[in-house]
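Taking it in order: structure first as structure tokens, then the write-up.
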Amino acid sequence: MAIKLNENPALGDFLVIDKGVEVGGTWRDNTYPGAACDVPSQLYSFSFSPNRDWSRSFSPQPEIHAYMKRVAEEAGVLDRFRFGVSVESAAWDEADNVWRISTTAGEISANVLVTGSGGLSEPKLPEIDGIDTFAGEIFHSARWNHDYDLTGKRVAIIGTGASSIQIVPEVAKKVAHLDVYQRTAPWVLPRNDRAYLGVEKLGFRFVPGFQKAYRTAIYWALESRVPMFTGQLPQMRIAATAMAKRNIAKGITDPELRKTVTPDFEIGCKRVLISNAYYPALARDNVDVVTDGITEITPTGLVTSDGTIREVDAIIVATGFYTTDQPIAAHVKGLDGRTLADAWSEHGMAAYKGTTISGFPNLFQIVGPNTGLSHSSMVFIIESQIAYAISALTTMKAKHIASVEPLRAAQEEWNADLQSRMQRTVWNSGGCASWYLDEHGKNTILWPRSTFKFRQLLSTFDIDSYVTTPSKEQVA
Ligand code: NAP
């Protein structure tokens with residue numbers, strides 16, 4: 001967003017507030033051993049800034065973070081960032097058509113507020129009795145304590161999601177013993193990860209069009225999987241399930257353990273994970289998979305429902321993030337002083353085109369409600385939303401408009417269509433609980449159509465779907 005605003009200076013001045021110490025978001029915060037992207041590198045990069053230097057087909061976290069820092073630096077936008085500053089509140093001032101924003105570094109006002117605060121940014125800790133009393137080392141996967149050496153220790157990891165399955169193989173190698181607390185077994189497909197060949201790297205660098213063609217091929221390969229999730233081609237799930245079961249059989253020989261790690265819901269219902277190292281790690285002699293629920297944590301260990309106490313030196317909490325209750329929502333106040341959290345309290349998160357929200361003029365959310373993907377690159381969605389916001393700002397400038405707010409009817413129509421499509425998706429009907437569903441069982445996270453449809457629908461700012469206020473000079 002900063003780069004695109006910088007490329008359009010006529011749209012006005014801008015400032016980026018980030019509570020972190022540098023750019024990178026999730027790739028700055030998630031530094032756990034084994035952290036890497038599940039989306040192929042070529043697609044997990046900005047279309048306007050291809051990376052000729054990816055070392056592998058799936059990039060490790062340090063490379064992605066370095067790429068992001070380089071892109072921001074080369075675009076010359078870093079001096080617009082204020083790092084280490086948090087937004088305490090942002091309130092829409094209807095009289096002056098500005099956002100009044102209180103930050104830990106003082107007050108500012110802005111005509112337009114864009115939130116890029118992320119869908120997976122606020123660690124969610126499990127509510128387990130006694131967790132605060134644990135006397136050993138305990139940290140969340142997204143807040144890894146690199147000062148604590150796990151070598152030779154007895155360790156527990158809670159959770160078996162995307163973060164955990166990357167952590168387990170790395171940690172298992174160095175600890176004395178690892179207990180993996182599995183509440184729900186995930187489906188895990190093989191990870192076709194490999195180092196790029198020299199000839200490919202040369203191609204990316206020197207052959208015009210090669211990298212773009214490569215990226216386009218990956219885009220369509222991933223896009224072809226949409227019908228598997230959205231219900232048009234559920235048969236695709238049969239082949240995927242067989243592949244996942246082969247992955248279990250390849251990594252684990254013990255029939256009991258195979259059974260323990262085989263999920264009992266339809267593939268795709270939760271995020272499909274990819275790893276070649278997870279199952280072999282679970283099969284190691286120093287690793288146990290614990291499926292009894294954790295009832296209590298004592299100062300020295302974890303107690304499960306069967307009464308067993310397992311003593312450990314450290315607990316890794318890989319229990320995910322606040323997702324359907326967006327952390328920034330309580331801090332953003334729109335018309336009549338209503339917060340986003342208030343507006344969403346009854347029926348869950350909802351927006352127009354995942355980006356703008358009725359009752360909240362001049363607010364744009366990057367990665368807002370129902371923009372998430374389970375099959376492709378979020379960078380594609382993010383770029384679509386940024387283009388939409390830039391188109392809105394351009395329209396506002398050209399037509400001397402001070403504020404835009406989506407019509408309630410437009411937002412309702414958008415969400416009614418979206419939720420009716422959602423009914424036949426595997427996320428809603430596959431027999432699992434996941435972070436895609438809110439407390440009412442409503443999927444307010446994912447986009448239930450193709451990504452090209454999303455891009456098409458957001459290709460230009462559709463002012464007819466908005467309530468607008470003319471700018472003061474226009475009125476005068
Ligand atoms: P997650 O997918 O939400 O997984 C959380 C895990 O913790 C689940 O296994 C969950 O079990 C378990 N859990 C939660 N509360 C628990 C409790 N009280 N007791 C026992 N177990 C509990 O979180 P995540 O692994 O951090 O991943 C979040 C998302 O981040 C991913 O889905 C993905 O979109 C993204 N991510 C991507 C990558 C990548 O690209 N490689 C890597 C990491 C994360 P249940 O299943 O039973 O709820």
Side-chain angles (χ1 to χ4, degrees), residues 25-27 29-41 43-44 56-61 63-65 118-131 138-144 156-170 179-189 191 193 222 261 263-265 268-278 289-297 302-305 315-325 367 371-379 381 427 430-438 445-447:
T26 201
W27 300 106
D29 293 345
N30 285 272
T31 58
Y32 59 75
C37 192
D38 278 355
V39 175
S41 313
L43 199 57
Y44 204 80
R56 310 186 64 80
S57 52
F58 288 93
S59 312
Q61 170 267 336
E63 264 187 53
I64 304 173
H65 191 202
L120 297 160
S121 61
E122 208 58 50
K124 190 170 189 174
L125 301 174
E127 286 169 16
I128 301 173
D129 280 350
I131 191 163
I138 179 164
F139 49 84
H140 188 272
S141 55
R143 301 285 182 272
W144 197 267
I157 183 163
I158 307 176
T160 51
S163 301
S164 175
I165 72 148
Q166 295 186 328
I167 293 167
V168 165
E170 294 303 313
D179 290 322
V180 179
Y181 286 84
Q182 170 190 285
R183 188 165 70 179
T184 315
W187 285 110
V188 185
L189 291 174
R191 183 177 177 91
D193 188 18
L222 295 187
V261 301
D264 58 3
F265 57 88
C269 183
K270 279 177 186 286
R271 189 178 172 91
V272 181
L273 310 182
I274 53 172
S275 176
N276 302 333
Y278 179 60
V289 179
V290 182
T291 54
D292 291 307
I294 307 164
T295 51
E296 191 193 343
I297 295 181
L302 296 88
V303 186
T304 45
S305 55
I315 302 176
I316 301 164
V317 181
T319 48
F321 301 87
Y322 287 94
T323 54
T324 53
D325 38 3
V367 190
T371 56
L373 300 179
S374 71
H375 74 284
S376 188
S377 173
M378 280 306 290
V379 181
I381 292 287
W427 312 308
C432 77
S434 76
W435 59 262
Y436 303 150
L437 308 179
D438 68 11
I445 297 291
L446 293 179
W447 171 243

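For ligands, and for the atoms within them, numbers begin at 1 and follow the listed sequence. Side chains included, hydrogens not; waters and symmetry mates left out as well; all remaining heavy atoms used.
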Backbone of Cys432 reached by a side-chain donor or acceptor of Lys270 within 3.5 Å: no
Under 3.5 Å: donor-acceptor pair, side chain of Ser377, backbone of Leu43: yes
is_close_aromatic(His140, Phe321), centroid dist under 6.0 Å: yes
Would you be so kind as to tabulate the donor-acceptor pairs closer than 3.5 Å made by side chains of residues 120-128, with sequence neighbours excluded?
unit_1 : atom_1 : unit_2 : atom_2 : d
Ser121 : OG     : Ser117 : O      : 3.1
Glu122 : OE1    : Lys19  : NZ     : 3.3

Reported CG-to-CH2 distance for the pair Leu437 and Trp427, which is rounded to 0.5 angstrom: 11.0 Å
Every residue of the protein that comes under 4.0 Å of ligand 1, judged on heavy atoms: Tyr32, Ala36, Cys37, Asp38, Leu120, Pro126, Ile158, Gly159, Thr160, Gly161, Ala162, Ser163, Gln166, Arg183, Thr184, Lys270, Arg271, Ala318, Thr319, Gly320, Phe321, Trp435
Distance-only polar pair, side chains of Trp435 and Tyr322, donor-acceptor under 3.5 Å: no
